[in-house]
Amino acid sequence: MDALAVGSLYALIALGYTMVYGILKFINFAHSDVFVLGAWTAYRAALCAGWTNDGVPEPIARWVLWILGLIAAVGLVLAVVGRTVVKPPPGALGQSGPARAGSTLLAVGVWGWACVGLVLLARVLKAGGMEYVAGGVILLLAMGTCGVVGFCIERLAYKPLRKAPRLNVLITAIGVSLLLQNVGQLDWMFGTQPARMPSLVAQDKPLLTILGTPNADGSIAGGVNVWLVDVIGAGTAIILMIALDRLVFQTKIGRAMRAVSYNPTTAALMGIPVDRVISFTFVLGAVLAAAAGFLYTQKYPGLLQPATGTWVLLGLKAFVAAVVGGIGNIRGAMAGGLLIGLIEFFGVGYVSTEYRDVYVFGLLIVVLLVRPSGLLGKAVAEKV
Amino acid sequence: MLEVSNLCVNYGAIKALHSVSLTVGKGEIVTLIGGNGAGKTTTLRAISGIVKPASGSIIYDGRPLATLAPHEIVRLGLIQAPEGRGIFPNMTVAENLELGAFTRNDRAGIEADREKALGLFPRLRERIEQNAGTLSGGEQQMLAIARALLARPKLLLLDEPSLGLAPQIVQVIFQIIREINAAGTTILLVEQNAHMALKVAHRAYVLEVGRVVMQGPAAELAASDEVQDHYMGRKRAGH
């Protein structure tokens, strides 16, 4: 059950790697940091919403409101000025540059306010005894925040490099990753101390035990314990993956994503706004990573400080999942994530806990030797 | 309808087009012929906004296109069916057609246009659920044209529709190009197959290493010695 729960989290993170690779053909090294951001955002939001470890709930800091208000106000001014005063260049369709920047800032500011609203909503729900719903609200909040951050990362760091060699983008991604890690360590962000995520799903005994042998006193020995938190975690992850799969394979925007991933130029000739599709893909990846971050805090409440190597290792394993499944292949990433989880936890359970990372990376080596394009990947012939 | 003047395009230090000028009038079929590397495809790419011109202007329906992104140009009804196999091989024929109608939201209109396009190319209807990559070369070309039609083009740019196809299929494709034009769509046709192109076109331009070297009514060009020699494969005594 551990294997399924953690494997589905790997799969969620792997999806972000694989989608971005599919479209831009580079590995977004900052992706695992978005995952960490999701976990920490969820932690902060949970504290603000009234969950505590020590009985003292954390208030929503006033400066947060000030900054959000400022961003929204600047965005509003820019949007209005851009629409009325600044005229777009002759012949251009749509809005002028300031209007677009204004709309973006406005959206960020409005999302910030929405976050505050969501926290308050979660607080009310929790006070009203609906803790699961409140937990869902926190999940949405973490996903939305990471979505916005993912959007900004793509706009500010990667989009200006669209025509640059891929190596430049790769190095930039490492830079973004370091930036996120270090900003995350600042005192006014998450700080350098580890924290403990309060459990949103309280439980003291497993939901049920499969294959166990009942003792005389009614307790159960051995067998597989099914914990509620694992069911919720794996369930949420699988629902998200099904939703993503339907989005990619059955909707117009999904078709556009696949078209851009196959050939951006031809996609543009279909009238597909390529840059917007790329942004959308980034946001999707970030949202899924945030969901994984939140679910991870529920399974393992000990939150390490944002720049710890353990997070990097988790991100790396998710990346392995993407490669094992066939990088660029969405269904492959899902399968790869689950497979990695199974291998890791069965190895831990039946062989030795010492080598838990060895199983994962060993699998990577085997897959790369036997099927270099991944389990579901297709061999790509180099075009001449 | 389309007015290209003094268009120059550079790829890095290489000049691909030196001052190309051409016009396409409403309802016409205009063809751009020339050998490999003459700059035919580059011209189309510049018109569609995929490559940015170094200088010169492209005016479509009275509107300069220089500042527009490719997807915005598509929204103006200027649609290109890209060269050769510019289809999405990992998607089905149906999905490819739906991508053609990406900019449109009128379900009923799309459905009607889809029926019309499938009427022109009955072969595509038989293969509608097949992956486009499994189609033959001719069928892929048909798909590229059908897909462009679903965007409801006012001006259709066709890049080498005969490339790599068997002669009978080329006949079929050119017949359909005529029909599309007869139904009211203006066409700018880029071709290496000068023989066929000059047969269907009203006017023609001959491109050589990035310059227009000849222009005029298609029938006149087809009759001229230079075109006959260089592009239609006639062998004169002594050559």
Side-chain angles (χ1 to χ4, degrees), chain A residues 22-23 86-97 100 159 162-165 246-280 326 328-332 373 376-381 383-384, chain B residues 41 44-45 47-52 57-92 94-105 107 110 132-133 144 147-148 150-153 157 159:
Chain A
I23 285 197
V86 186
K87 288 274 169 284
L93 293 178
Q95 305 166 348
S96 67
R100 265 183 215 169
K159 192 172 169 224
R162 205 49 54 75
K163 295 203 164 67
R246 294 188 69 108
L247 177 86
V248 170
F249 289 99
Q250 285 169 25
T251 66
K252 195 165 170 177
I253 179 81
R255 260 198 302 279
M257 284 168 66
R258 284 185 292 147
V260 171
S261 125
Y262 181 72
N263 185 340
T265 311
T266 315
L269 287 178
M270 303 296 108
I272 295 170
V274 175
D275 280 335
R276 236 172 290 165
V277 171
I278 291 174
S279 287
F280 181 76
N329 184 316
I330 287 174
R331 288 175 183 165
S373 51
L376 298 186
K378 286 193 197 84
V380 182
K383 279 182 212 156
V384 185
Chain B
T41 295
L44 286 196
R45 288 168 73 92
I47 295 173
S48 279
I50 296 167
V51 294
K52 289 292 162 210
S57 75
I58 302 166
I59 303 197
Y60 167 74
D61 258 354
R63 181 202 281 276
L65 298 185
T67 56
L68 297 186
H71 71 267
E72 293 169 324
I73 293 176
V74 169
R75 282 177 191 271
L76 299 175
L78 202 170
I79 316 296
Q80 180 178 160
E83 181 173 22
R85 317 290 177 255
I87 48 147
F88 299 105
N90 46 355
M91 296 188 207
T92 65
E95 284 180 311
N96 268 278
L97 291 176
E98 279 179 62
L99 275 171
F102 185 82
T103 54
R104 300 171 56 189
N105 284 317
R107 269 274 123 219
I110 295 174
R147 189 182 58 180
L150 274 170
R152 261 216 188 142
L157 310 179
D159 195 357

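Order of the sequence lines fixes the chain letters, A, B, ..., with proteins taken first and strands second; residue numbering starts at 1 for each chain. Predicted, not measured: the structure shown is a model, and the values here were computed from it.
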Which heavy atom in [X] sits nearest to a heavy atom in [Y], and how many Å separate them?
X       : Y       : value
V74(B)  : A268(A) : CG2-O, 3.7 Å
M91(B)  : R255(A) : CE-O, 3.7 Å
Y262(A) : I87(B)  : CE2-O, 3.7 Å
M270(A) : L99(B)  : CB-O, 3.7 Å
G271(A) : F102(B) : O-CD2, 3.5 Å

From Q80(B) CD over to T265(A) OG1, what is the distance, rounded to the nearest 0.5 angstrom? 10.5 Å
Please say whether more than 12 non-hydrogen atoms of neighbouring residues, nucleotides or ligands are located less than 6.0 Å from CZ in R162(A). yes
Region of A101(B) in contact with chain A, defined by heavy-atom distances below 4.5 Å: backbone
Counting C-beta onward and ignoring hydrogens, is there a side-chain heavy-atom pair between R147(B) and L269(A) closer than 4.5 Å? no
